[in-house]
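Throughout, a chain's letter reflects where its sequence line sits, starting with A, and its residues are numbered from 1. Since the model is a prediction, treat every value here as computed from it, not as a measurement.
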Number of protein chains: 2
Amino acid sequence: MDTSERLIRSTQELLWDRGYVGTSPKAIQQRAQAGQGSMYHHFKGKPDLALAAIRRSAEELRAESEVALGGGGTALERIEKYLRRERDVLRGCPVGRLAQDPDIIASDDLRQPVHETFDWLRHRLAEVLADGVARDELPADLDPEDTAATVAAVVQGGYVLARAASSPEPFERAIDGVRKLLGAISQH
Amino acid sequence: MDTSERLIRSTQELLWDRGYVGTSPKAIQQRAQAGQGSMYHHFKGKPDLALAAIRRSAEELRAESEVALGGGGTALERIEKYLRRERDVLRGCPVGRLAQDPDIIASDDLRQPVHETFDWLRHRLAEVLADGVARDELPADLDPEDTAATVAAVVQGGYVLARAASSPEPFERAIDGVRKLLGAISQH
DNA sequence: GTCTATAGCTGGATAGAC
DNA sequence: GTCTATCCAGCTATAGAC
């Protein structure tokens, strides 16, 4: 793995764990085993490197989510597969985490990949739900966009509750709760 | 308002907007119009002052939530009242925000009020839901604990989606989505 | 209680040698 | 491409005067 790649991956990890404000160039360099000059040769500075790392994390999240959502089965099965994805619950969402960071939200450049990821996710979830309505697996009066937002929010909020509790339990409960609600309405 | 009080309130605001990592004693002092020595006279240091501010924010959040949840009406009406509380959506939740902060999660002392707040909220929501089941307003097979976690998570996750989008819209949608799901199952 | 001085450390970056 | 030296501002706190 070359230096530029190591820098990007290290930045992804540190942004995930400590956020933008809590991540220093020095920490990135140490984790990537790269020198000061090396980092500033490959990237213009902290925001430039962070942007590369955020874009990478966004791509990865989309690809992983698509595995669940683009698979076979009923709409409900695909949503459940998304909800039950393997997750490092206490670490939280590598992309959602960034939405909490003041410096990322203040910069349109840094915020854009985060914005796009969640727009894509809500749109993709809504497609699956609309598909379920079309196939009569879900009731006709279900609103795919609103429900998609709810599903995405339960996951992101589940992380918050889990981190507050230092336990995955509230996350699991929140997921189970929405699964049961969707299951209940699907039996017309 | 005395100096100690001004320091606490300023810290609450800054923790809300910038998190623990992003909040410096200097910024707190300037916002509180207090000098360096003044702050270190009233508090042992940044963690001590932050703890006081976090506890205050936790109390306030509980009190405000209780207004909605402890009011009259059916269980569903009380949950909806909680969901529709006036909120500064793009600013996020003053307590939930802290669950994202690595230094807060790493410290049992600082994390405790955050933990307690969400434990209380889930428990209180579950009580209201269980009440609705007992009164036959909600179906007997509804799981109050899981559903309570879902409701709390939708709100916290709604903030994440809204901040990512720089718009309250995804928050409103997520709330509407869960309201409609609860409404649908309540018509047995 | 509040003020100023001082301190050591880190953040984020530039410059120039190799 | 990578290394070391250097820079200035900010962070977090202590000390002692008033």
Asks: Write down the distance between CD1 (Ile28(A)) and C1' (dA13(C)), rounded to a whole number of angstrom.
Replies: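 For the pair Ile28(A) CD1 and dA13(C) C1', the rounded distance is 13 Å.
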
Asks: Could you tell me how far apart His41(B) (NE2) and dT14(D) (P) are, to the nearest whole angstrom?
Replies: 15 Å

Asks: Rounded to whole angstrom units, what separation is found between the CD atom of Gln33(B) and the C1' atom of dC3(C)?
Replies: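 Taking CD of Gln33(B) and C1' of dC3(C), I get 16 Å after rounding.
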
Asks: Distance-only, no hydrogens or angles: does the Ser57(B) side chain make a donor-acceptor pair with backbone N or O of Val95(B) under 3.5 Å?
Replies: no

Asks: Heavy atoms, side chains only, cut-off 4.5 Å: are Glu137(B) and Ser186(B) in contact?
Replies: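 The answer is no; the side chains never approach within 4.5 Å.
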
Asks: Between P on dT14(D) and CZ on Phe43(B), what's the gap in Å once rounded to a whole number?
Replies: 16 Å

Asks: For the pair Arg179(B) and Asp146(A), find out whether any cationic side-chain nitrogen is under 4.0 Å from an anionic carboxylate oxygen.
Replies: no

Asks: Just the rounded figure in Å: distance from C1' of dC11(D) to CD of Gln29(B).
Replies: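 Taking CD of Gln29(B) and C1' of dC11(D), I get 11 Å after rounding.
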
Asks: Round to the nearest Å and state the distance from Leu49(A) atom CG to dA13(C) atom P.
Replies: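 Between P of dA13(C) and CG of Leu49(A): 10 Å.
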
Asks: Taking CG from Leu7(B) and P from dT2(C), how many angstroms apart are they, rounded to a whole number?
Replies: 9 Å

Asks: Regarding Gly37(B), tell me which of base, sugar-phosphate or nothing describes its non-hydrogen contacts under 4.0 Å with the strands shown.
Replies: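 Base contact.
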
Asks: Considering residues at least two apart in sequence or located in another chain, which fulfil the salt bridge (charged side-chain N to carboxylate O under 4.0 Å, His left out) criterion with Glu59(B)?
Replies: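 Testing Glu59(B) for salt bridge (charged side-chain N to carboxylate O under 4.0 Å, His left out), a comparison that skips the adjacent residues, returns none.
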
Asks: If the test is side-chain contact (heavy atoms from CB on, under 4.5 Å), which one of His123(A), Glu116(A), His115(A) qualifies with Asp119(A)?
Replies: His115(A)

Asks: Is the phosphate of dG1(D) approached by Thr3(A) (side-chain N or O, under 4.0 Å from OP1 or OP2)?
Replies: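 Answer no for this pair, as no side-chain N or O of Thr3(A) is under 4.0 Å from OP1 or OP2.
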
Asks: Is there any protein nitrogen or oxygen under 3.5 Å from a nitrogen or oxygen in nucleotides 9-12 of chain C, and what are the pairs?
Replies:
| unit_1 | atom_1 | unit_2 | atom_2 | d |
| --- | --- | --- | --- | --- |
| dG11(C) | OP1 | Ser24(A) | OG | 3.3 |
| dG12(C) | OP1 | Lys46(A) | NZ | 3.0 |

Asks: Could you tell me how far apart Met39(B) (CE) and dT14(D) (P) are, to the nearest whole angstrom?
Replies: 10 Å

Asks: Would you mind checking if Arg122(B) and Glu127(B) are paired as a salt bridge, meaning a charged N to carboxylate O distance below 4.0 Å?
Replies: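 No, Glu127(B) and Arg122(B) are not salt-bridged.
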
